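Accompanying notes for the structure given below.
Worth saying up front: this structure is predicted, and the values here are computed from it rather than measured.
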Amino acid sequence: MDPPPRRPAAPLLLLLLLLAASSPAARAWKKDEFRNCNQTPFCKRARTRAPHSLDAPLSLAAGSLSVSPDGSISAELSHPSRPRPLVLRLSALPPHALRLQIDEDYSAATPLHRRFHVPDVLLPDLEARTLHLPEPKTAAGVSTVALSSDLDVVVKHDPFELTVRRAGSGDPVFSFNSHGLFDFEPLRESKPEDETWEEHFRSHTDKRPRGPQSITFDVSFYGADFVYGLPEHGSTSLALRPTRGPGVEESEPYRLFNLDVFEYLHESPFGLYGSIPFMIGHGARASSGFFWLNAAEMQIDVLAPGWDGATTLENGRIDTLWMAEAGVIDAFFFVGSEPKDVVKQYVSVTGAPAMPQQFATAYHQCRWNYRDEADVDGVDAGFDEHDIPYDVLWLDIEHTDGKRYFTWDHSAFPNPEEMQRKIANKGRKMVTIVDPHIKRDGSFHLHQEATEKGYYVKDANGNDYDGWCWPGSSSYPDMLNPEIREWWADKFSYESYKGSTPTLYIWNDMNEPSVFNGPEVTMPRDALHYGDVEHRELHNAYGYYFHMATADGLLKRGEGKDRPFVLSRAFFAGTQRYGAVWTGDNSADWDHLKSSIPMVLTLGLTGLPFSGADVGGFFGNPEPDLLVRWYQVGAFYPFFRGHAHHDTKRREPWLFGERRTAIIREAIHVRYSLLPYFYTLFREASVTGIPVMRPLWLEFPYDKETYNNGEAFMVGSSLLAQGIYEEGQKSVSVYLPGKESWYELRNGSPYKGSVSHKLQVLEDSIPSFQRGGTIVPRKDRFRRSSTQMVIALNSSNAAEGELYVDDGKSYDYQQGAFIHRRFVFADSKLTSLNIAPDNLGKKKFTSDCVVERIIILGLRSGAKKAIIEPGNLEVEIELGPVSLRSGSSPVAPTIRRPNVRIADDWRIRIA
């Protein structure tokens, strides 16, 4: 059987469907290996404080506010008990963002150490975009500053408190320290004789030579029914559940501390592989977001109503408590009329997601490990034999020479370049793993060079840190140092990475960083980095810098012309600029399938649209029905990869009998048919930050039924899917929001909006629908240079949609080399409009791709003809199937072979 090649430069077949709304096994989770709040001194201290305490460190007073030459506003925060005051700075960013910065005042004397400000996360032009704030107005101990035309910032001076409120009504949106819990432990030059700074956990000792330096404060969200965000933790709830207060049984905060967690719990506030300290509040009256740029360990409480003993509870207010071990306050308050506004503002600060190559949006096949070149050949051939498309084959750590990265096991992979060329000849790519731990082997050139240059992280005594990971004794490059990141990037050149080719891409794992013999399986907090920074201060950003350096390496390898693809397990704010992430070492059980939806949705809300979960679960052997259901859900993940632990049974898609192979094939075909739509959504994400996979409330922000729905999800604004998360499930309730109708993807059956529908569960698909009023480009014939369209009309018999196409691999699109069309159906006419700006550059992209079929669902008229303009060409309208693969009956009016080019302006009129 011929393989299904899919090369990015090939012209695309566009299908327009028209819908009308009128009708590790050995190391399982061990709780005692990780600290809880009571075992974490800064968290325990912070949680014991009562609100509105009169304790000296908690009652800071703000001095007078003054406008600085750069347009920001500054003030001093002080208390007689502090060795030095704090400096507060307020600045504004368009359209509705307030930045709050607080650090210690070092002007009186130069300290031994300064607090760490996280570098290279915020966009470099941020200061240039800062607005000039007007002079504050002060009366009765309160100062007011106009943040924008409709928002004010109100500062209460003693005790210090900050509120963002609506200018007209005075209604609050945020408050900072309204419960008096702000504490900023001062750095001290030496340890008092009566204090013990050392901390102990199990067999590990943290010397803490700089003493306690934690920060605590409360933030309240007004007008919010729920809060969301704070990845990464396992949960079947999309909204963040309260962690403290009345009715909370297990009182443990959400922890942000990047850790290598084997077989993590599907339901726990415990921190996992990545950390993004960004929270979104949403309700029918308001949307808001709070981001704290701090890479130290954080613990965050979502406080249940009545947590502070208040008997009169304020509706629509959610209180939160933020605690960090170290760092400074560099925080952003975002206000939006809708939640998309908040996401856009966050991305305007931390950067827009990278535009992926087209192959990366397709299906990936991975295992720890494919044994050798023969195994790779066999798996590759198996996909062709069973007519299952895939684009990328992955190699885990066993492909290396003794876990030395950038090398090959030449007994198993003697001809790596030829192996990659064979895969590439079918239009496919390969990925190899490169982790941060470098084997301490005197004969290993990478270790020799890093040692000679002094490029490793140091231990507390100033020696190269030596930890234990997959290679055994290992050291870790100090990725905080830009010089070392540049050195690391050079290792991806073809001369340095022998056996690599232009179609080989990279996977960064274990970059939390994972240290098997370290405290909590990570690097000691008192290890030292570039600039005398302690590891505790930057821990959550280590993997981010490693990911950055790797992506820069692939960019340099391709001379700036080839978009990198780098998957990372660890992440931080800003990771979206460098590639994809996944949810780590999940398990082959139904609960982990269910929790994957809120986890991926949360990643998207916090700036990471390119994410997914390992299909089938990494640990354990999935029941065949679970694997099938996971493929059906995974086909809608932004990042779609099957992966498994080396102790599990082989699980390539064709190993579970003909019936299940057919169902899995169909699930993967669904993804491939929607690739034009997915790629268009990735383009939107790269410009606006709006995620590819979305919670229902992002599209329906005023529908309260959607606010805590973590089982159904949107793909873009047009498609809705609902997973099946229970074994043997016979029926499922699916809520379809909005007033317009929805159309079942397989057969075009209409369903009313704003209604929960009880549906029979089918073996061969999960419930999935297209929204009335939308147009979705589709590609059902993978080997043809043509496209279909699915148009879903609303109650006004109208619909809109977009298609974005470029070469799928280079950066030429940044200079105008792309096609971006808007399709509008109104007044019985379908019109193709060019919406690409004409001022991006001189490069052009052309395509011979034509529209082969236009499927119209919900069309009332019995029209038999359509007229194509220009040219006045008449074509037939006849009933056809919604999908060419499903074997469905001819039910939908279909314009066959209009053969209009996607790059052209045209109009098709229903006669």
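- Judged purely by atom type and a 3.5 angstrom limit, H179 has no side-chain atom pairing as donor or acceptor with the backbone of L181.
- Under the 4.0 Å criterion applied to side-chain N and carboxylate O atoms, E684 and R694 are assigned as salt-bridge partners.
- Ring planes of F291 and F332: parallel class, angle under 30° (limits at 30 and 60°).
- Under the 3.5 Å distance criterion, the side-chain polar atoms of R45 are left unmatched by any main-chain donor or acceptor of T40.
- Atom CG of residue D647 and atom CH2 of residue W368 lie 7.5 Å apart, to the nearest 0.5 angstrom.
- Ion pair E297/R255 flagged as a salt bridge, since at least one NZ, NE, NH1 or NH2 atom sits closer than 4.0 Å to an Asp/Glu carboxylate oxygen.
- Of the possible donor and acceptor atoms, one in the side chain of S251 sits under 3.5 Å from a partner among the backbone N and O of T243.
- For H547 and F572, the ring centers are positioned 6.0 Å apart or more.
- In terms of modelled atom types and a separation under 3.5 Å, the side chain of Y677 and the main chain of V715 share a donor-acceptor contact.
- Side-chain atoms of D308 never come within 3.5 Å of backbone atoms of P51 as a donor-acceptor pair (strictly under, hydrogens ignored).
- Not one N or O on the side chain of E252 forms a donor-acceptor pair closer than 3.5 Å with the backbone of N36.
- Listed by first then second residue, pairs satisfying side chain to side chain donor-acceptor pair (under 3.5 Å) with a partner in residues 222-233 read S175-Y222, not counting sequence neighbours.
- For the pair R367 and D396, the salt-bridge criterion is not met [side-chain N within less than 4.0 Å of a carboxylate O].
- When ring centroids are compared, H757 and F769 stay outside the 6.0 Å threshold.
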For this session: Given ring pair (Phe, Tyr, Trp, His ring centres under 6.0 Å), test F618 with W582 step by step and report yes or no.
Result: CA-CA 12 Å; F618 177 66; W582 90 107; 8.6 Å; no
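- Between the S587 side chain and the E263 main chain, no donor and acceptor come within less than 3.5 Å of each other.
- Side-chain contact between S596 and Y637: present, with at least one pair of heavy atoms (C-beta onward) separated by less than 4.5 Å.
- With hydrogens and angles ignored, the 3.5 Å screen pairs a side-chain donor or acceptor of R771 with a backbone N or O of S717.
- Ring geometry for Y578 versus Y544: interplanar angle over 60°, hence perpendicular rather than tilted (30 to 60°).
- With F270 as reference, F34 is the one residue of Y254, F34, Y264 to meet the ring pair (Phe, Tyr, Trp, His ring centres under 6.0 Å) rule.
- Judged by the 6.0 Å and 45° rule, R525 forms a cation-pi pair with F257.
- Using a distance-only test at 3.5 Å, with no hydrogens or angles considered, no donor-acceptor pair links the side chain of N294 to the main chain of A324.
- Judged purely by atom type and a 3.5 angstrom limit, E338 has no side-chain atom pairing as donor or acceptor with the backbone of Y702.
- Under the 4.5 Å side-chain criterion, counting only non-hydrogen atoms from C-beta, L603 is in contact with T583.
- Remark: R202 engages no residue in a salt bridge (charged side-chain N to carboxylate O under 4.0 Å, His left out) (not counting sequence neighbours).
- Screening residues 706-735 for salt bridge (Lys or Arg N to Asp or Glu O under 4.0 Å), with sequence neighbours left out, gives K594-E711.
- Residues H643 and W507 bring their aromatic ring centres within 6.0 Å.
- For the ring pair (Phe, Tyr, Trp, His ring centres under 6.0 Å) with F290, the lone residue among F278, F334, W322 that qualifies is W322.
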